[in-house]
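First up is the structure itself, then whatever we jot down about it.
Remember, predicted model here, so these are calculated numbers, not experimental data.
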Amino acid sequence: MYSNKENVNILTSLLMAHGIRHAVVCPGSRNSPIVHNLNECPDIVCYSVTDERSAGFYALGMAQASNNPVVVCVTSGTALLNVLPAVAEAYYQHVPMVVISADRPPQWIDQLDGQTLPQPDALGRFVRKAVSLSEPRDEEKHWYCNRLVNEALLDSRYQGGCPVHINVPISEPLFDYTTAELPQERKIERIEAEMPPHVLSHVCRMFMQAKRPMLITGQPMNPLMDEAVLLVQDDESYVPDFVLYTGGAIVSKRLKRFLRKAKETWVVNREGMVTDTFMNVTHVIQGDGRVVADQVSFMLEQQGHPFERKWQMLLADIGHTVCAYEPAYSQMAAVRYFEQHMNGGSSVIHYANSTAIRLANIFPSKCLVYCNRGVNGIEGSLSTAAGYSCVTDDPVFCVIGDLSFFYDQNALWNQNLRGNLRILLMNNGKGGIFNMLKGLEQSPARDKYVAAEHHTSAAGICQQNNVVYMKAENMEEMQYGIDRLLQEGSDRPMLLEVFTDAEEDEQVFRDYYTAIKNIKI
């Protein structure tokens with residue numbers, strides 16, 4: 001039996017018609033008719049997450065894993081505002097997400113009624129479409145409600161994917177489940193055109209005809225490019241005259257500054273958006289950047305290009321130095337050992353922001369790599385990895401720093417987690433990245449306030465959430481712990497907490513870049 005709320009039933013029917021299969025649901029009374037319906041749907045699997053901020057990132061991870069829109073359903077009031085960080089990340093990563101918020105009847109907004117605030121458009125420009133479903137009173141209102149849901153769900157998949165927001169005002173009584181069947185709702189479909197072959201051919205031809213062309217694929221990884229730019233930043237012979245950029249965030253500021261020296265950049269993205277990252281865009285092509293990158297890569301393999309060979313030789317020299325460099329016990333040593341012993345295959349790695357993703361760019365991975373680099377800071381990295389692990393049987397690893405982990409510890413407060421989630425937690429007692437920012441050491445506020453120095457361990461968090469806990473305080477323990485993370489079977493998540501010293505981590509970084517600067521080109 002389903003709810004007696006007509007707008008809720010229209011929504012539920014169309015969610016199923018549009019192929020929604022996963023829903024992250026948060027507790028609440030106002031959204032209970034929606035949650036009840038989602039739970040009744042035989043083709044939709046519900047995942048309970050109490051913390052709405054974490055729930056949004058769970059949905060993000062599930063959408064990444066399934067390549068399909070995922071619902072996150074919240075109750076009225078500030079619950080909706082808590083999903084905004086995840087929605088913003090999904091917006092910049094072009095990940096489909098359907099935010100469904102229950103709401104009070106509009107006449108009670110701003111009347112000091114409990115848990116009420118203006119919810120339509122509350123997520124602002126970070127959703128492609130925002131609709132509010134009034135409770136239908138006649139056939140025309142029913143048609144309007146149907147159309148709005150169709151529009152929103154179509155937009156969640158359009159041009160690669162984007163978050164949308166469906167707000168659902170629900171009047172009392174809330175708990176009447178007397179509808180035997182969902183209505184058969186009209187489903188609207190959109191047919192998207194692919195990039196015309198002549199456009200793809202033209203882009204590839206322009207690339208191959210350039211004297212110094214460069215393909216930049218952006219997020220999630222540009223391994224060793226930061227080191228390469230450090231070596232050649234004053235050598236004009238390495239500066240491209242034509243950059244083909246398929247979008248996505250670039251971690252290295254040094255690389256972005258270097259590419260601003262290029263003569264022109266052509267950007268490819270599904271939205272046809274002007275993203276002038278390098279301040280020299282001359283053309284924007286609407287299309288799938290992955291298709292373009294694959295075709296250009298194929299042509300380079302078949303025909304070769306002297307400028308591409310020049311860069312490959314440079315990257316190979318750097319790669320040899322990186323392989324030979326053996327850092328002392330540190331966060332760098334942990335990530336190096338982890339990546340060296342990762343088997344690859346179907347495994348997936350989620351790197352948290354800040355130091356973790358910078359280390360990932362040093363050691364090329366054998367696995368598919370994700371990072372909330374669209375816009376997020378330290379929030380949500382663990383929840384995204386946890387959400388991803390819920391909808392796949394593949395091993396999912398999360399490499400994360402201490403501040404990111406403790407900020408998002410509610411990701412582990414979830415009954416859906418299984419043994420395929422493995423966490424490498426690097427704890428040096430503060431935001432170690434701040435040790436590397438030149439000039440900040442002059443501030444007496446750096447350690448306590450900027451870097452949030454602490455003496456916290458994940459042991460108790462793991463115990464209360466039934467997570468297998470290990471710790472390491474030296475190289476031997478670290479390597480043994482990573483071996484267990486990679487190889488040991490478990491029906492519960494496993495976490496290795498690697499304790500290091502922030503100052504020693506900083507020195508290892510300095511030694512590493514000294515070794516890079518000694519490379520002769």
Exercise. What is the ring orientation for Phe207 with Phe242, classed by angle as parallel under 30°, tilted 30 to 60°, or perpendicular over 60°?
Worked result: perpendicular
Answer whether the closest heavy-atom distance between the side chains of [X] and [Y] falls below 4.5 Å.
X	Y	answer
Leu244	Met214	no
Phe509	Met332	yes
Asn435	Arg446	yes
Leu495	Phe405	yes
Val508	Gln331	no
Leu148	Glu151	yes
Val71	Leu15	yes
Val95	Glu89	no

Reported [atom1]-to-[atom2] distance for the pair [X] and [Y], which is rounded to 0.5 angstrom:
X	Y	atom1	atom2	value
Met475	Glu326	CE	CD	8.0 Å
Met342	Leu485	CE	CG	9.0 Å
Gln303	His305	CD	NE2	9.5 Å
Leu11	Asn146	CG	CG	11.0 Å
Asp234	Lys261	CG	NZ	5.5 Å
Ile362	Glu227	CD1	CD	5.5 Å

Heavy-atom count check: over 12 atoms from other residues, nucleotides or ligands less than 6.0 Å from [X] [atom1]?
X	atom1	value
Asp121	CG	no
Asp241	CG	yes
Lys366	NZ	yes
Arg186	CZ	yes
Tyr480	OH	no

Report yes or no: does [X] contribute a side-chain atom to a donor-acceptor pair with the main-chain N or O of [Y] at less than 3.5 Å?
X	Y	answer
Gln340	Phe338	no
Asn222	Met225	no
Asn150	Ile188	yes
Asn428	Asp501	no
Tyr245	Gly248	yes
Lys187	Leu14	no
Glu301	Phe298	no
Asn414	Leu412	no
Ser201	His198	no
Arg128	Arg125	no

TODO: Check the pair Phe397 / Val348 against side chain to side chain contact (heavy atoms under 4.5 Å, CB included), numbers first and verdict last.
DONE: CA-CA 6 Å; Phe397 295 89; Val348 173; over 6 Å; no
Residue pair [X] / [Y], side-chain donor-acceptor N/O under 3.5 Å:
X	Y	answer
Glu271	His94	yes
Asn280	Arg260	no
Glu497	Asn427	yes
Ser330	Glu504	no
Asp483	Gln479	no

| message | Set out, in order, the CA-CA distance, both residues' side-chain angles and the distance that settles side chain to side chain contact (heavy atoms under 4.5 Å, CB included) for Ile357 and Arg373, then state yes or no. | response | CA-CA 9 Å; Ile357 189 58; Arg373 198 65 195 173; 4.2 Å; yes
Assess the pair [X] and [Y]: is the distance between their ring centroids shorter than 6.0 Å?
X	Y	result
Tyr47	Tyr58	no
Tyr238	Trp311	yes
Tyr512	Tyr325	yes
His350	Tyr388	yes

Self-check item: Intermediate values then yes/no, side chain to side chain contact (heavy atoms under 4.5 Å, CB included), Thr265 and Leu259
Solution: CA-CA 9 Å; Thr265 294; Leu259 293 176; over 6 Å; no
Atom of [X], atom of [Y] and distance for their closest heavy-atom approach:
X	Y	result
Ile378	Leu403	CD1-O, 3.9 Å
Ala411	Leu417	O-CD1, 3.6 Å
Val243	Ile216	CG1-CG1, 4.2 Å
Leu231	Ile516	CD2-O, 3.2 Å
Pro69	Ser156	CG-OG, 3.5 Å
Leu382	Cys398	CD1-SG, 4.0 Å

### Task
Report yes or no: is the cationic atom of Arg190 (NZ for Lys, CZ for Arg) under 6.0 Å from the centre of the six-membered ring of Tyr158, at an angle within 45° of the ring normal?
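Yes, a cation-pi geometry.
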| The single option from Cys46, Cys390, Ser389 passing side chain to side chain contact (heavy atoms under 4.5 Å, CB included) against Asn416 |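 For Asn416, the side chain to side chain contact (heavy atoms under 4.5 Å, CB included) check succeeds only for Cys390.
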Residue among Ile100, Val127, Val83, Val131 satisfying side chain to side chain contact (heavy atoms under 4.5 Å, CB included) with His165: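 Exactly one pass, corresponding to Val127.
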Answer yes when [X] and [Y] have at least one side-chain N-carboxylate O distance shorter than 4.0 Å, and no when they do not.
X	Y	value
Asp226	Arg358	no
Arg270	Asp288	yes
Arg53	Glu379	no
Lys430	Glu503	yes

**Q.** Trace of the salt bridge (Lys or Arg N to Asp or Glu O under 4.0 Å) decision for Asp393 with Arg418
**A.** CA-CA 9 Å; Asp393 292 327; Arg418 297 168 292 141; 3.0 Å; yes
For the pair Val232 and Leu314, evaluate side chain to side chain contact (heavy atoms under 4.5 Å, CB included) and give the outcome as yes or no after the intermediate values. CA-CA 9 Å; Val232 304; Leu314 172 64; 3.6 Å; yes
